[in-house]
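Numbers restart at 1 for each chain; the letters A, B, ... are given by sequence-line order, proteins then strands.
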Protein chains: 2
Amino acid sequence: MNSITSNVFGPAKSINVARVLLCLEEVGAEYELVHMDLFQAKEQKSPEHLARNPFGLVPALQDGDLVLFEARAIAKYVLRKYKTEQADLLREGDPEEAAMVDVWTEVEAHQYHQALRLIMLECFLNPTLRGLPTNQAVVDEAVEKTKKVLEIYEARLSEHRYLAGDFFSFADLNHFASTFYIVDATPYGSLLDSYPRVKAWWEDLMSRPSFKKISANMTTK
Amino acid sequence: MNSITSNVFGPAKSINVARVLLCLEEVGAEYELVHMDLFQAKEQKSPEHLARNPFGLVPALQDGDLVLFEARAIAKYVLRKYKTEQADLLREGDPEEAAMVDVWTEVEAHQYHQALRLIMLECFLNPTLRGLPTNQAVVDEAVEKTKKVLEIYEARLSEHRYLAGDFFSFADLNHFASTFYIVDATPYGSLLDSYPRVKAWWEDLMSRPSFKKISANMTTK
């Protein structure tokens with residue numbers, strides 16, 4: 001284990017920064033969050049940050065000489081590096097468990113997040129950060145898409161306590177920030193109420209110390 | 001190693017099916033491709049297939065009793081299961097190499113594919129499969145986006161022979177299908193000519209037996 005404290009670059013409120021911070025908290029690693037102003041100073045486009053990530057996005061991780069970008073890649077590096085028997089969120093020692101972690105991690109990226117992100121964008125980011133009005137037709141379509149996704153999640157979570165099986169994993173963790181913002185910052189948090197297994201799973205996740213700690217820095221209220 | 005032949009469900013021409021097939025070829029695994037008609041019969045929405053993937057998408061993998069969906073998850077399962085010293089495309093034994101494989105695999109998903117897919121959609125899928133005209137304004141914007149991505153790839157491939165380092169990996173492999181279709185099925189294959197390192201990397205990839213075999217079933221000419 002490396003004794004150098006890792007630096008994570010990016011604002012605490014970013015969905016992808018939160019993804020990395022949750023992993024660091026889950027494994028109990030030491031780290032420092034280096035805040036970046038994305039909207040006024042656009043620090044993500046500075047030469048210093050472009051040297052970390054040529055695409056000019058957050059987060060980036062500096063761990064000794066190693067510099068990484070892309071949140072899911074950083075997160076997996078952290079989870080592998082600090083893996084313990086208690087905190088084994090990738091389950092790479094078991095090919096079938098690892099595969100189910102990967103399946104539901106991909107589902108988050110390509111189905112769940114794609115459905116929820118337009119609700120977040122229209123009801124939260126556009127009005128508060130960009131002064132743009134909410135396009136309700138876009139929201140309505142996204143809500144219908146979200147319901148279809150939540151139906152499938154309800155069925156999955158009726159078979160297993162967590163998405164990849166009966167163990168908490170990286171797949172569950174990845175759902176944190178978009179679900180948090182839908183509940184905390186939009187009028188659509190009540191969507192979960194119609195899916196009791198999903199609702200119970202979300203409450204279970206939010207009771208974890210890591211989720212409590214990271215969400216405390218993200219609240220919009 | 002399992003002696004049951006795996007079944008991959010989906011059409012050979014699908015980008016995400018090709019991602020899985022390339023992995024099976026790279027590791028030399030036995031498999032059978034079970035063709036599915038996505039456009040006329042919409043077999044991906046049949047009860048049989050929804051039991052494999054509740055989201056009704058291809059590919060799916062059946063390996064004995066294990067059923068998986070989401071192409072990147074299936075691909076990693078295959079690469080782990082059949083890993084050899086010669087065919088170790090995830091490099092999970094080395095945390096830093098594994099991290100670089102993950103970084104450039106994520107870059108493919110979130111940057112490279114996002115830039116190229118609109119060129120493919122407008123110049124190939126919409127006209128040939130859907131009878132829709134090409135929206136040239138969308139294409140022009142996607143071409144500009146692609147050039148910016150290719151500039152970053154040119155810099156990366158000037159430092160290392162492959163994306164994750166000086167070894168061929170899952171990160172490179174993931175670039176196959178969208179690059180193949182841009183070159184084979186659109187007027188924009190010549191974009192690569194302005195980026196000599198990218199062009200040499202692509203020619204290197206296409207010289208691999210696996211790439212030759214899988215691309216032979218995908219050509220649009």
Counting only heavy atoms not in Arg80(B) (residues, nucleotides, ligands), do more than 12 fall under 6.0 Å from its CZ?
yes
Sort by residue number and list every member of residues 41-57 of chain A having a non-hydrogen atom under 4.5 Å from chain B.
Pro54(A), Phe55(A), Leu57(A)
Applying salt bridge (charged side-chain N to carboxylate O under 4.0 Å, His left out), which residue pairs with at least one partner in residues 146-159 of chain A are found, sequence neighbours left out?
Glu144(A)-Lys147(A), Arg156(A)-Glu159(A)
Residues 86-116 of chain A: residues contacting chain B (heavy atom under 4.5 Å, by number)
Glu92(A), Pro95(A), Glu96(A), Ala98(A), Ala99(A), Met100(A), Asp102(A), Val103(A), Trp104(A), Glu106(A), Val107(A), His110(A), Gln111(A)
Output all residues satisfying side-chain contact (heavy atoms from CB on, under 4.5 Å) with Ala71(B), sequence neighbours left out; order by chain, then residue number.
Asn16(B), Arg19(B), Val20(B), Pro59(B)
